[in-house]
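Down below is the structure, laid out as structure tokens.
The model shown is predicted, which means the values in this text are computed figures rather than measured ones. Index from 1, following the sequence.
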Amino acid sequence: MMQPPERFTARFDEVDVGGRNRVTVAVEECDRESDGSIPTAAWYRGEEFRLDLDGGAGVSIYVRRR
């Protein structure tokens, strides 16, 4: 019997072009890939966010540039 993938905490941030302003828009639990890795992209409210920092056992941070 196959086990469901482990979950992780994802934080979604919007960053302006200069990188000076960063706003967290959401934090939620997400599923890992079937091999247990953290996905390099995640979707929040229909928009793609790219992995910026893999927090390992902590929070993985995804960003979307404005």
Side-chain angles (χ1 to χ4, degrees):
M1 185 164 137
M2 189 172 201
Q3 299 258 341
E6 192 177 320
R7 297 184 60 81
F8 70 97
T9 302
R11 186 178 95 192
F12 297 93
D13 290 357
E14 288 188 338
V15 181
D16 67 7
V17 176
R20 294 180 187 191
N21 295 315
R22 185 178 199 125
V23 176
T24 299
V25 294
V27 176
E28 62 182 39
E29 293 293 311
C30 296
D31 290 329
R32 292 178 183 261
E33 298 288 354
S34 58
D35 66 359
S37 65
I38 301 290
T40 58
W43 290 82
Y44 177 72
R45 292 193 176 175
E47 297 186 275
E48 184 180 30
F49 287 71
R50 303 296 297 175
L51 183 62
D52 186 48
L53 178 65
D54 180 2
V59 176
S60 293
I61 300 171
Y62 290 84
V63 297
R64 183 175 77 83
R65 311 247 181 236
R66 296 187 257 165

With D16 via salt bridge (charged side-chain N to carboxylate O under 4.0 Å, His left out) - residues at least two apart
none
Closest non-hydrogen atom pair, [X] against [Y]:
{"X": "S60", "Y": "D54", "value": "OG-OD1, 3.3 Å"}
{"X": "V25", "Y": "Y44", "value": "O-OH, 3.8 Å"}
{"X": "A41", "Y": "Y62", "value": "C-CE2, 3.8 Å"}
{"X": "R32", "Y": "P39", "value": "CA-CD, 4.4 Å"}
{"X": "N21", "Y": "R66", "value": "O-NH2, 4.2 Å"}

How far does [atom1] of [X] sit from [atom2] of [Y], to the nearest 0.5 angstrom?
{"X": "D52", "Y": "R22", "atom1": "CG", "atom2": "CZ", "result": "5.0 Å"}
{"X": "F8", "Y": "D31", "atom1": "CZ", "atom2": "CG", "result": "8.0 Å"}
{"X": "T9", "Y": "E29", "atom1": "OG1", "atom2": "CD", "result": "3.5 Å"}
{"X": "E47", "Y": "E14", "atom1": "CD", "atom2": "CD", "result": "6.5 Å"}

Using a 4.5 Å cut-off on heavy atoms from C-beta on, say whether the side chain of R50 contacts that of T40.
yes
Are the side chains of L51 and I38 in contact, using a 4.5 Å heavy-atom criterion?
yes
Neighbour count above 12 (heavy atom, 6.0 Å) for R65 CZ
no
